[in-house]
Amino acid sequence: MADPSKISNQRHSLAHILAYAVKDLYKDVKFGVGPVIEDGFYYDFDLKETISETDLAKIEKRMNEIIKQDFPFAREDLDIKTASGRTKKAGQPYKTELINDLAKKGTTDTKAKGGSSEGVKNVSFYTIGEFEDLCRGGHVASTGQVGAFQLNKVSGAYWRGNEKNPQMQRIYGVAFNTKEELKKHLELLEEAKKRDHRKIGQEMDLFVFSDLVGSGLPMFTPKGTILRDQLSNFSNELRERYGYQKVWIPHVTKKELYEASGHWSKFGDELFLVTSQETNDEIVMKPMNCPHHTRIYAARPRSYRDLPIRYLETTTVYRDEKSGELVGLSRVRSITQDDSHVFCRDDQIEVEINNLLLAASDLYKAVEMNLKVRLSYRDESDAYLGDQKLWQSAQSQLKKAVEANKLEFVEEEGEAAFYGPKIDFMATDAIGREHQVATVQLDFVMPERFGLVYTDTAGAERRPVMIHCALLGSVERFLSVYIEHTAGRFPIWVAPEQIRIITVNQEDQTTEFASGILEQARGLKLRAEVDNNNESVGKKIRRAELDKVPYTLVIGEKEINSNSITPRVRKDLEVAPDHTEMSVENFLKTVKNEVKSRVQKTSL
RNA sequence: GCCGACGUAGCUCAGCUGGCUAGAGCGCCGCUUUCGUAAAGCGGAGGUCGGGAGUUCAAGUCUCCCCGUCGGCUCCA
């Protein structure tokens, strides 16, 4: 087994070698930091010339020369004063700043909490060949021992992650102990590229963008809309089992709604403002749905007998993300949430959470993704609103429900929202990547802000608790994950086109037989198409394969005479390679059942 | 928003250092063919080279502005 710290030492050493190479190749380099990251390392540089991706080969070449010379990593310990004198003299202001921070706070972490840690008295430097760098250590013995690496991208990055600081040039590399591991990693990236939802979305005609509509505002084609509907209908169906009711709200509101909820200042410039030409109202596009939903709750008096009240709505919210952050369907400005809000009593939390966990488990089982959850609790600080006791009780109810559902979970203190504890769901996709999807959040604050009440058994006014939940999270984000998870090979119930009927020739009886099947299929609400193009059968089969249609029926003389078909089944759906001849009626009935029960494999 | 790369037909892309009527494959349309489980043959249409301004005898190619896309901007000696 590989020593886990070895790879980290290798990556860290590579960061030094990268810096050494850059120092050799460019003038006046000011060095930032060069840490180890997942799968590799990076180093930040401040230099006059711009490095672009085409320069990486040159830098790599220099790095390999340094590696070949097998310089030992030599450590030297200096007191703070000597150290900062040395970096100052060397013209390295960033390093000097780091040393000063170490002297004061004992850490360079800009986000480090509290001021309790003491400053350090000594720091260390590491030297390889002609290159010396401030460094805590964690290196291989010499540059020859760094394993396999590849520089893979450059980017701008602000000094210490703060956009007020100068922007530096960051060079990233991936690194592994052996060439084989590196190759495997690069292959995984290759596979991820093939599955990229933007590519598949284009190839399979699922969604489009338009310069005229704007960035981050996807539009869905008929096929893509089927995906949306199948998934969000399923999500809704799972909650309707537990008494959730659909509601509907407009997509705009007066800004007063968010002044009341407290979101006005919080959302800031992410809000889309709308000008009314008829009134003086200041209108905004909704960035969330809960405030609207509280208005429905508050529209009439509620009794303890009415609770829980459960609202459900798949609806789009609008958030003006920073333009550089938009990515395909995973980061958009029109976000459709499969949102729900429960208004309940304190003692009903556990049951409600339990129902949502059951719904989430069912959903992710159907899409074949493994679920993990993270329970986010409050810590001892006073950054949280709401009654302490209520928090304690709610947190233990969350945990009980998670345990009862046998979900794999982690607990994290201090990660809760200021208004309540929450459960985040992580789903693992087919190539092992984790994605944050669903979320369940308790909210003690919004009922307070909006003065929501119900009348209890004694006739007194009581405050309900709100539970926010989205099972898919956002339909767009979920689709981006799901398209990559399936690589576009959707299960039968989701597939935009379920059955492709291919004609062998264009003779009347063939065409009629094919359209007869089409009619029957559509009568059963199955999504079928006929390919009656004047092309070879081979070509039409090929097209059906590329379109990833689950079932293909080839119709010719044989089928017409025997009044039966032998379905061609998409490879990933079949359990056995042999498919038997059957009547059209039987075939369609079976498919109908498979759709209804949302199977993952076919019995055909 | 910032740094970098990029934007040529519906799609994927070629077009070197500015120089004839801007190309290819797939797709689309037409004709021939009537075909049995991953690509039949022939022909045709389709582009104000993302938009605007400028430099030049000449701009897809160079400069500037705008729009859009992509990789990053969280990983802390």
Side-chain angles (χ1 to χ4, degrees), chain A residues 11-12 15-16 31-42 44 50-55 83 87 92 94-102 106-112 120 123-126 133-138 152-172 193 196 198-199 202-203 205 208-217 269 320-328 500 502-507 510-511 532-547 552-559 566-569 571 579:
Chain A
R11 287 172 180 159
H12 190 189
H16 279 241
F31 298 100
V33 295
V36 173
I37 56 175
E38 199 183 344
D39 304 324
F41 60 93
Y42 70 74
D44 285 345
T50 37
I51 298 174
S52 73
E53 245 141 86
T54 46
D55 301 321
T87 54
Q92 295 297 336
Y94 302 106
K95 294 291 180 191
T96 313
E97 182 181 330
L98 293 173
I99 293 171
N100 290 341
D101 271 15
L102 287 167
T107 173
T108 59
D109 191 342
T110 46
K111 285 198 223 90
V120 296
V123 294
S124 52
F125 282 80
Y126 278 81
D133 197 6
L134 171 72
C135 179
R136 155 173 56 197
N152 62 341
K153 50 195 172 196
V154 288
S155 86
Y158 298 103
W159 171 238
R160 311 187 102 174
N162 184 341
E163 53 187 285
K164 296 204 176 69
N165 286 339
Q167 191 161 32
M168 314 191 66
Q169 299 189 61
R170 177 172 295 177
I171 300 180
Y172 285 93
K193 217 174 181 179
D196 191 315
R198 292 166 296 197
K199 184 168 171 276
Q202 161 65 26
E203 287 167 358
D205 189 26
V208 296
F209 289 90
S210 157
D211 285 6
L212 289 176
V213 174
S215 60
L217 299 168
D269 49 18
D320 201 1
E321 305 274 353
K322 289 181 184 175
S323 58
E325 295 197 326
L326 303 171
V327 183
R500 174 79 53 94
I502 289 175
T503 54
V504 167
N505 56 45
Q506 280 69 55
E507 278 159 22
T510 317
T511 311
N532 191 34
N533 282 313
N534 182 4
E535 296 284 357
S536 66
V537 174
K539 180 138 173 191
K540 293 202 268 190
I541 298 258
R542 178 179 152 82
R543 189 163 319 169
E545 289 280 347
L546 293 174
D547 289 346
T552 304
L553 307 179
V554 177
I555 302 304
E557 208 176 344
K558 186 171 144 265
E559 284 72 23
T566 309
R568 190 186 157 96
V569 177
K571 280 278 173 302
H579 305 292

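We name chains A, B, ... by the order of the sequence lines, and we start the count at 1 in each one.
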Please report, rounded to the nearest Å, how far the [atom2] atom of [N] is from the [atom1] atom of [X].
| X | N | atom1 | atom2 | answer |
| --- | --- | --- | --- | --- |
| A/Asn534 | B/C31 | CG | C1' | 10 Å |
| A/Ile541 | B/A39 | CD1 | P | 10 Å |
| A/Tyr172 | B/G71 | OH | P | 13 Å |
| A/Ile171 | B/G71 | CD1 | P | 19 Å |
| A/Tyr94 | B/A77 | OH | P | 17 Å |
| A/Asn532 | B/U34 | CG | C1' | 11 Å |
| A/Arg198 | B/G68 | CZ | P | 17 Å |
| A/Lys153 | B/C73 | NZ | C1' | 11 Å |

Pair pattern of RNA chain B in dot-bracket, where unpaired bases get dots and | marks partners in another strand, Watson-Crick or G-U under 3.5 angstrom:
(((((((..((((.....[...)))).(((((.......))))).....(((((..]....))))))))))))....
Applying a 4.0 Å non-hydrogen cut-off, can you work out what [X] is touching in the nucleic acid: base, sugar-phosphate, or nothing?
| X | value |
| --- | --- |
| A/Glu507 | sugar-phosphate |
| A/Glu545 | base |
| A/Gly138 | nothing |
| A/Ser124 | base |
| A/Gly324 | base |
| A/Ile99 | nothing |
| A/Lys95 | sugar-phosphate |

Could you give the distance separating [M] and [N] at their [atom1] atoms, to the nearest angstrom?
| N | M | atom1 | result |
| --- | --- | --- | --- |
| B/A38 | B/G1 | C1' | 48 Å |
| B/G36 | B/A14 | C1' | 39 Å |
| B/C42 | B/U48 | P | 29 Å |
| B/G15 | B/C49 | C1' | 11 Å |
| B/U12 | B/G18 | P | 28 Å |
| B/G7 | B/C66 | C1' | 14 Å |
| B/C57 | B/C62 | C1' | 16 Å |
| B/G23 | B/G4 | P | 35 Å |

Is it the case that the base of B/C3 and the side chain of A/Gln169 share a donor-acceptor contact (distance under 3.5 Å, atom types as modelled)?
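Flag unset: no donor-acceptor pair detected.
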Side-chain ion pair, [X] and [Y], N-O less than 4.0 Å:
| X | Y | answer |
| --- | --- | --- |
| A/Glu545 | A/Arg568 | yes |
| A/Arg160 | A/Asp101 | yes |
| A/Glu38 | A/Arg11 | no |

